[in-house]
Amino acid sequence: MELNGLRVAIIGAGYAGASTAKALSLLGADVTVYEQATQAGEVGAGIGLRPSSMAAFREWGIDGAIEAVSSASHGLRIITPQGQLIHAEEWPEKDVFGTTTHFIHRRDFIDALLGVLPEGMVRFGHRLVDIVDHGTTATVTFENGTSVEADLVIGADGISSRVRRAFFSDKAPVFAGEHAYRAVFDIDLVPGVFEDDNDFHIYFDAPTNRHLYLLPLKHRGQVSFDITVPSDDATWSPEVTREQLVASMDGFDERFQEVTRTIALDAINCRSAHDIDSVDRWHTDSVVLIGDAAHAMLHHQGQGANSAVLDAKGLAEALRDADSVAAGLAAFQAARKPITDEYQRISRGGWDGDNLEDGFPGQHGDSAKVEA
Ligand SMILES: Cc1cc2nc3c(=O)[nH]c(=O)nc-3n(C[C@H](O)[C@H](O)[C@H](O)COP(=O)(O)OP(=O)(O)OC[C@H]3O[C@@H](n4cnc5c(N)ncnc54)[C@H](O)[C@@H]3O)c2cc1C
């Protein structure tokens, strides 16, 4: 399908919205992104961009912008709380995509994505409050009183998506019974931990189901941690006390305990972990969900951000190859939903203490083939 001039309104300027804006504008679509925040902003933590995402950036000609603010990684290690290596593995699909996983700070990632979009494509201060589907077009209305009609409205508005609630599912996000404490700190505070590798370290205490995800950001001289612990408190952004933080690393390597004793509490982002149940249908003929809006998943497989990027690539290709927007949206769902359904399922399952010999369940089988 010729995308030249297709009027596309994307709701949300997160990873999914920004990536999709890039992919569709390269095909000639007339894209505008509407973001509720008044400016770009992201909480401080690191994420891993998998080979498939890096390959998408290369295809869009923006790999240089991403690589400039990230560092290449070899693989991951699963380790006991006291530092005994259980399992080490290279990132899958390096050979398929000819590149490896890159670690990046969340803020650098969104800045890089927004930085490669044409001036004026993103409109901040636009909070979607209403959406009407007319069949082959849809109209979106924002809190600031403006309305826009588009040939395609893309709901990239995250886990609490208003677009999803309007058409596709009114189910609330599901609490996982866990809190995640996240922060970035100086790599010198964990001397020796990343001396001879740039791998993702997963320290897992199976009996208490506590995880420490440690991700090096060597290009920034920093490390990002994510401590995930069981909790009954489903408050969206709970406060974490020093006692809770210190207790979360009780029995772990002394260097990690020391970080929890000394790090400034206001540097910690604390979130209760939520995902959503699989959504049966992601689209009408002129409205579609992508990213967390379509398939928010728990962070245990580190696939949320990657899935957002791969949705962007998948949606652009499906529209390009289809005869109509409606057919393109159906093809997009058919290609992507089996993969994200599987990631949602595996991520919800968490880590199995009796089976830690495969860091990437679901990425060596059919889903990896589909993704390739
Ligand atoms: C602290 C934290 C750490 C994480 N760590 C990892 C990780 O290590 N690896 C990984 O793969 N994933 C991680 N994730 C998950 C990953 O960040 C998400 O999967 C990813 O951000 C999804 O991107 P998205 O663009 O779909 O949604 P979001 O990033 O949530 O973006 C949605 C955007 O839509 C905007 N919006 C919402 N409602 C409206 C509205 N009504 N009108 C206009 N705009 C609206 C929001 O302001 C936001 O900018 C983490 C998530 C969090 C919160």
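In this text the structure is predicted, and so the values were computed from the model without any measurement. Any value given below was found using the heavy atoms of this structure, including those in side chains, with hydrogens, waters and symmetry copies removed. The chain is numbered in sequence order, starting from 1. In listed order, ligands and their atoms are each counted from 1.
For F256 and Y203, the gap between ring centers is short of 6.0 Å.
Interface atoms of ligand 1 facing I11, defined by a heavy-atom separation under 4.0 Å, are 42 (N), 43 (C). Within ligand 1, the atoms closer than 4.0 Å to a non-hydrogen atom of I47 are 5 (N), 6 (C), 7 (C), 8 (O), 9 (N), numbered from 1 in the order shown. Interface of G46 with ligand 1, defined as ligand atoms under 4.0 Å from a residue heavy atom, comprises 8 (O). Annotation for ligand 1: atoms under 4.0 Å from non-hydrogen atoms of G302 are 9 (N), 10 (C), 11 (O). Close approach of ligand 1 to Q303 is summarised as follows: ligand atoms under 4.0 Å from at least one heavy atom of the residue are 11 (O). Against a heavy-atom cut-off of under 4.0 Å, G158 is close to the following atoms of ligand 1: 27 (O), 30 (O), 32 (C). Listed by number with element, the atoms of ligand 1 under 4.0 angstrom from any heavy atom of G291 are 26 (O).
The distance criterion of under 3.5 Å between nitrogen or oxygen atoms is met by A16 with respect to ligand 1. In terms of polar-atom proximity, A45 is not counted as a contact of ligand 1, lacking any N or O under 3.5 Å from an N or O of the ligand. In terms of polar-atom proximity, defined here as any N/O pair under 3.5 Å, D292 does make such a contact with ligand 1. In terms of polar-atom proximity, defined here as any N/O pair under 3.5 Å, A305 does make such a contact with ligand 1. At under 3.5 Å, a nitrogen or oxygen of G304, whether backbone or side chain, sits near a nitrogen or oxygen of ligand 1.
In summary, R348 and D277 engage in a salt bridge, as defined by a charged side-chain N under 4.0 Å from a carboxylate O. Ion pair R255/E258 not flagged as a salt bridge, since none of the NZ, NE, NH1 or NH2 atoms sits closer than 4.0 Å to an Asp/Glu carboxylate oxygen. Salt-bridge formation is not detected for the pair R162/D157: no Lys NZ or Arg NE/NH1/NH2 atom is positioned less than 4.0 Å from an Asp or Glu carboxylate oxygen. For the pair E178 and R271, the salt-bridge criterion is not met [side-chain N within less than 4.0 Å of a carboxylate O]. Between E93 and R50 there is no salt bridge, since no side-chain N of the basic residue sits under 4.0 Å from a carboxylate O of the acidic one. A salt bridge links R7 and D151; the closest N-O separation between the charged side-chain nitrogens and carboxylate oxygens is under 4.0 Å.
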For this session: Begin with the C-alpha distance, continue with both residues' side-chain angles, and end with the deciding distance and a verdict on ring pair (Phe, Tyr, Trp, His ring centres under 6.0 Å) for Y213 and H201.
Result: CA-CA 6 Å; Y213 296 109; H201 289 198; over 10 Å; no
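Closest of all the heavy-atom pairs between T99 and M54 is CG2-CB, 3.7 Å.
Residue contacts with ligand 1, taken as heavy atom pairs separated by less than 4.0 Å, involve H126 solely via the backbone atoms N, CA, C and O. Only the backbone of Y34 comes within contact range of ligand 1, with a heavy atom under 4.0 Å; no side-chain atom does.
A tilted orientation is assigned to the rings of F175 and H274, their planes being inclined by 30° to 60°.
Of all the listed residues (Q301, R271, R106), R106 holds the heavy atom that lies closest to atom 16 (C) of ligand 1. Closest heavy-atom approach to atom 3 (C) of ligand 1 among the candidates H299, R182, R165, R162: R182. Taking only non-hydrogen atoms, the option from A37, S19, G17, A156 nearest to atom 33 (C) of ligand 1 is A156.
A side chain to side chain contact (heavy atoms under 4.5 Å, CB included) with H295 is found for one member of D311, D341, L289, V279 and no other, namely D311.
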